[in-house]
Amino acid sequence: MQLTFSQWFFLISAVLGGLALFLFGMSQMSQGLKAAAGPSMRTLLTRATSNRFKGLLLGTVLGTMIHSSAATVMTVGFVNAGLMTLAQSISVILGANLGTSLSMQIVSLHLTDYSFFAIALGFFIWMGGPSEKLKSFGQAMFGFGLLFLGLGTMGDALVPHRDQLQPLLSFIDGSTWKGMLLGIAVATGVTAIIQSSGATIGMCYSLAATGVFTNLEQCFPVVMGAQIGTCATALLGSIGTNVEARRAAIGHLLFNILNVGAALLIAPWLIELTRMTSTDLIHQTANLHTLIKLLAAVAFLPFIGPYTKLLRIL
């Protein structure tokens with residue numbers, strides 16, 4: 001049965017409203033965590049200049065807290081300010097990518113039922129906490145609850161129309177090259193527009209939770225496209241900066257494209273390996289995201305020096 005105009009209107013409104021809640025919650029959570037960290041955030045980032053392993057670790061922490069797009073923009077800003085070299089920024093960017101996948105592991109947990117508790121408790125701590133640091137943690141908790149409320153809103157909107165939506169999204173299919181490339185292209189475009197890989201993967205979680213996506217082959221292209229689309233934020237943030245900062249933003253894009261290309265070549269093995277980690281499709285998707293980022297970071301870390309030279313040549 002085809003959806004009526006009225007059903008389409010309320011479905012799209014609910015999904016976009018849920019997406020807005022997710023993005024606003026992510027923003028509030030990030031702002032709260034950054035405020036709680038205070039001036040130490042700047043100190044931590046500048047200390048990443050000592051070696052690439054510390055840079056990877058600090059980038060991972062930063063990516064877990066505020067996601068790769070915001071973390072990369074911040075890193076580009078530090079390069080532009082002369083607080084970090086191009087080579088030092090690459091390890092932070094690798095870590096930020098990995099950290100984002102770890103934050104999406106948290107999102108993959110089925111915590112929607114606790115969203116109102118987190119919203120209420122976080123709000124009252126934020127408004128009435130005895131110290132600024134505690135208030136910042138309350139803001140982060142408030143955002144955390146909104147994030148899960150947004151996921152739940154999207155899921156509730158999709159469930160009644162699952163059977164009608166499955167054929168419309170059947171073109172996203174990682175088991176064929178055409179379906180894989182179309183899925184990557186759509187996910188890249190959506191992520192570039194909404195400026196958040198986490199939101200795109202969050203929508204993928206909602207589609208999996210409601211049965212619109214039924215296997216990992218459908219989720220794989222979405223994860224890949226989100227990795228490329230998230231680079232748009234840093235590219236936009238690099239406009240008007242010095243040449244080293246622009247190289248850092250381009251380095252993020254090129255790394256993610258190479259990462260996706262390598263993952264596509266071994267996609268069948270990655271999918272089979274990931275299926276062994278869980279029987280839940282949402283957890284499988286989160287594990288796939290983390291596995292790809294971890295393998296890429298480990299493989300790429302020894303080659304930061306040559307990669308920096310390549311960026312300067314380009």
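In what follows, residues are counted from 1 in the order of the sequence shown.
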Counting C-beta onward and ignoring hydrogens, is there a side-chain heavy-atom pair between [X] and [Y] closer than 4.5 Å?
X	Y	result
Met224	Ile292	yes
Glu217	Met180	no
Leu58	Val92	no
Met154	Leu207	no
Leu23	Ser196	yes
Asn259	Phe300	no
Ile90	Leu311	yes
Ser108	Thr285	no

Point-to-point distance, once rounded to the nearest 0.5 Å, from [atom1] of [X] to [atom2] of [Y]:
X	Y	atom1	atom2	value
Tyr205	His283	OH	NE2	8.5 Å
Ser238	Glu244	OG	CD	12.5 Å
Thr188	Ile228	OG1	CD1	4.5 Å
Leu147	Met26	CG	CE	5.5 Å
Asp173	Phe213	CG	CZ	10.0 Å
Thr308	Gln88	OG1	CD	9.5 Å

Answer yes or no: is there a donor N or O on one side and an acceptor on the other, between the side chain of [X] and the main chain of [Y], under 3.5 Å?
X	Y	result
Ser13	Phe10	no
Arg52	Ser91	no
Thr230	Ala226	no
Ser115	Leu111	no
Gln105	Ala286	yes
Ser101	Leu98	yes
Asn80	Ala245	no
Asn215	Gln218	yes

* To do: Check the pair Phe171 / Leu169 against side-chain contact (heavy atoms from CB on, under 4.5 Å), numbers first and verdict last.
  => CA-CA 5 Å; Phe171 70 91; Leu169 296 176; 4.3 Å; yes
* Output, in order, the C-alpha distance, side-chain angles, deciding distance and verdict of side-chain contact (heavy atoms from CB on, under 4.5 Å) for Met203 and Leu19. => CA-CA 8 Å; Met203 285 191 284; Leu19 178 61; 4.3 Å; yes
same_hphob_cluster([X], [Y]) at 4.5 Å side-chain heavy-atom cutoff:
X	Y	value
Met104	Leu294	no
Phe303	Leu295	no
Leu168	Ile12	yes
Phe220	Leu291	yes
Leu258	Val298	no

* Asked: Do the rings of Phe142 and Phe123 sit parallel, tilted or perpendicular, given the 30° and 60° boundaries?
  ->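 Phe142 and Phe123: tilted rings.
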* When the ring planes of Phe5 and Phe9 are compared, do they come out parallel, tilted or perpendicular, using 30° and 60° as the limits? ->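 Rings of Phe5 and Phe9: parallel, as their planes differ by under 30°.
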* Could you walk me through whether Thr200 and Val222 pass side-chain contact (heavy atoms from CB on, under 4.5 Å), step by step? => CA-CA 8 Å; Thr200 301; Val222 178; 3.9 Å; yes
* To do: Mark yes when over 12 heavy atoms from residues, nucleotides or ligands other than Tyr114 sit less than 6.0 Å from its OH; otherwise mark no.
  =>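 Not buried by this count: 12 neighbours or fewer within 6.0 Å.
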Closest heavy-atom contact between [X] and [Y]?
X	Y	answer
Gln166	Gly211	NE2-O, 2.7 Å
Tyr307	Ile250	OH-O, 4.5 Å
Ile119	Leu146	CG1-N, 3.6 Å
Thr241	Arg246	O-NH1, 2.6 Å
Gly225	Ala187	CA-CB, 3.7 Å
Thr75	Ser89	CG2-CB, 3.6 Å

* To do: Verify the distance criterion only: is there a donor paired with an acceptor across the side chains of Ser27 and Gln31 at less than 3.5 Å?
  =>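 Short answer, yes.
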* Asked: So which of Thr274, Thr277, Leu273 actually passes side chain to side chain contact (heavy atoms under 4.5 Å, CB included) with Leu288?
  ->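 For Leu288, the side chain to side chain contact (heavy atoms under 4.5 Å, CB included) test succeeds with only one of Thr274, Thr277, Leu273, which is Thr274.
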* Could you check Gln284 against Asn287 for side-chain contact (heavy atoms from CB on, under 4.5 Å), going step by step and ending with a plain yes or no? => CA-CA 5 Å; Gln284 286 178 356; Asn287 293 342; 5.6 Å; no
